[in-house]
Amino acid sequence: MKIRETTGKDKNVIFHLHRDAFGEDEGEAVAQLAVELLEDKTALPVLSLVAEQNGQAVGHILFSSVSVIGASVNQAYILAPLAVLASHQGSGIGTALINRGLDILKARNAEFVLVLGDPGYYSRTGFVAGHNISPPYELAYPQAWMAQELKKDALKNIKGKVQCATSLSSPQHW
Ligand SMILES: CC(C)(COP(=O)(O)OP(=O)(O)OC[C@H]1O[C@@H](n2cnc3c(N)ncnc32)[C@H](O)[C@@H]1OP(=O)(O)O)[C@@H](O)C(=O)NCCC(=O)NCCS
């Protein structure tokens, strides 16, 4: 499997991946979000990676920049969205995309990464709940709001509400 950063030419492929992975109900909205985030200046810097097998794009992950209101944060991200083609799920592609993304962000000197997702899945790659950064809206499942330090103690003294990119700040995504 090859993992590479995406370019402007990958937009259709990215849309298709998310629509396929998230299915009929959610697919269209998540696919739209992925594409909008890539064009959203308030999301910068972003990290967008695609996984390819035999020349076919089989997974995509996006990290976009966040800040924390009232706190001093140099560089932090939120992971959203992540998708693996339905036909290729369960073979390690999602995990590989997360781990590669975290490695690249660490090398960029990022401080931490947030995610809203299934704790059973994201705890496998080091995300934990119980930090002091609040989500933009009250959540039905607060334990799904997790974070991971990329630098030692990066979250220790950070408290406040997260500020995400405009396209990710719409209530439908929370
Ligand atoms: C969720 C998703 C990204 C995972 O990617 P993937 O490539 O299928 O996952 P991986 O192969 O890396 O990991 C699979 C492992 O995670 C486990 N897993 C998958 N989803 C899980 C969940 N929700 N809770 C706990 N474990 C989960 C699998 O049982 C499997 O375990 P095993 O390795 O012990 O067999 C992918 O299935 C997907 O695109 N799903 C639809 C879209 C979606 O829900 N995206 C995430 C939004 S937060």
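Counting starts at 1 for both ligands and their atoms, in listed order. Any value given below was found using the heavy atoms of this structure, including those in side chains, with hydrogens, waters and symmetry copies removed.
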Report task. List the closest protein heavy-atom neighbour of atom 33 (O) of ligand 1: residue, atom name, distance to the nearest 0.1 Å. Result -> R124 NH2, 3.0 Å

Taking distance alone, no hydrogens or angles, what donor-acceptor pairs closer than 3.5 Å link side-chain atoms of residues 103-113 to residues at least two apart or in another chain?
{"from": "R108", "atom 1": "NH1", "to": "Y77", "atom 2": "OH", "distance (Å)": "3.2"}
{"from": "E111", "atom 1": "OE2", "to": "N74", "atom 2": "N", "distance (Å)": "2.7"}
{"from": "E111", "atom 1": "OE2", "to": "Q75", "atom 2": "N", "distance (Å)": "3.1"}

Report task. Run the numbers for me: atoms of ligand 1, each under 4.0 Å from some heavy atom of A83, listed by number. Result -> 39 (O)

Query raised in the report: In Å and rounded to the nearest 0.5 Å, what is the NE2 to CD distance from H173 to E36?
Result: 6.5 Å

Requested in this report: Hey, could you give me the CG/CG distance between L33 and D40, rounded to the nearest 0.5 Å?
Outcome: 9.5 Å

Query raised in the report: Hey, does V84 come in under 3.5 Å of ligand 1, counting only N/O atoms on both sides?
Result: yes

Query raised in the report: Counting only heavy atoms on the protein side, is anything nearer than 4.0 Å to atom 28 (C) of ligand 1?
Result: no

Requested in this report: Supply the atom-to-atom distance L139 CG to S134 OG, rounded to the nearest 0.5 angstrom.
Outcome: 10.0 Å

Report summary line: To the nearest 0.5 Å, atom OG1 of T166 lies from atom CG of L37 at 9.5 Å

**Report entry** Of the listed options P81, G94, G23, A80, closest to atom 7 (O) of ligand 1 (non-hydrogen atoms)
**Finding:** G94

**Report entry** Interatomic distance, L116 atom CG to I78 atom CD1 [nearest 0.5 angstrom]
**Finding:** 7.0 Å

Report task. Ignoring hydrogens, just give me the one of L82, T95, V30 whose non-hydrogen atom is nearest atom 45 (N) of ligand 1. Result -> L82

Report summary line: Counting heavy atoms under 4.0 Å, the part of H88 that contacts ligand 1 is neither

**Report entry** Heavy atom of the protein closest to atom 38 (C) of ligand 1 (residue, atom name, distance)
**Finding:** Q89 NE2, 3.3 Å

Report task. Considering heavy atoms of the protein only, find what lies nearest to atom 25 (C) of ligand 1 and give residue, atom and distance to 0.1 Å. Result -> G120 C, 3.3 Å

Requested in this report: Quick one: look up the protein heavy atom nearest atom 41 (C) of ligand 1 and list residue, atom name and how far away it is.
Outcome: A21 O, 3.3 Å

Query raised in the report: If you measure from atom 2 (C) of ligand 1 to every heavy atom of F22, Y122, Y121, which option wins on shortest distance?
Result: Y121

**Report entry** E39 with K11: basic N within carboxylate O range, under 4.0 Å
**Finding:** yes

In residues 46-55, what donor-acceptor pairs under 3.5 Å come from side-chain atoms, sequence neighbours left out?
{"from": "S48", "atom 1": "OG", "to": "T6", "atom 2": "OG1", "distance (Å)": "2.6"}
{"from": "S48", "atom 1": "OG", "to": "H60", "atom 2": "NE2", "distance (Å)": "2.9"}
{"from": "E52", "atom 1": "OE2", "to": "R4", "atom 2": "NE", "distance (Å)": "3.1"}
{"from": "E52", "atom 1": "OE2", "to": "R4", "atom 2": "NH2", "distance (Å)": "2.9"}

**Report entry** ligand 1 versus S91: contacting region, heavy-atom distance under 4.0 Å
**Finding:** backbone

Report task. Say whether G90, considering both its backbone and side-chain N or O atoms, lies within less than 3.5 Å of an N or O atom on ligand 1. Result -> yes

**Report entry** Identity and distance of the protein heavy atom lying nearest atom 11 (O) of ligand 1
**Finding:** G92 N, 2.5 Å

Requested in this report: May I ask you to test the L114-H131 pair for a side-chain heavy-atom distance under 4.5 Å?
Outcome: yes

Query - Contact check, side chains of I158 and N132, non-hydrogen atoms, under 4.5 Å - result: no

Report summary line: So for D118 against ligand 1, with non-hydrogen atoms under 4.0 Å, the contacting part is side chain

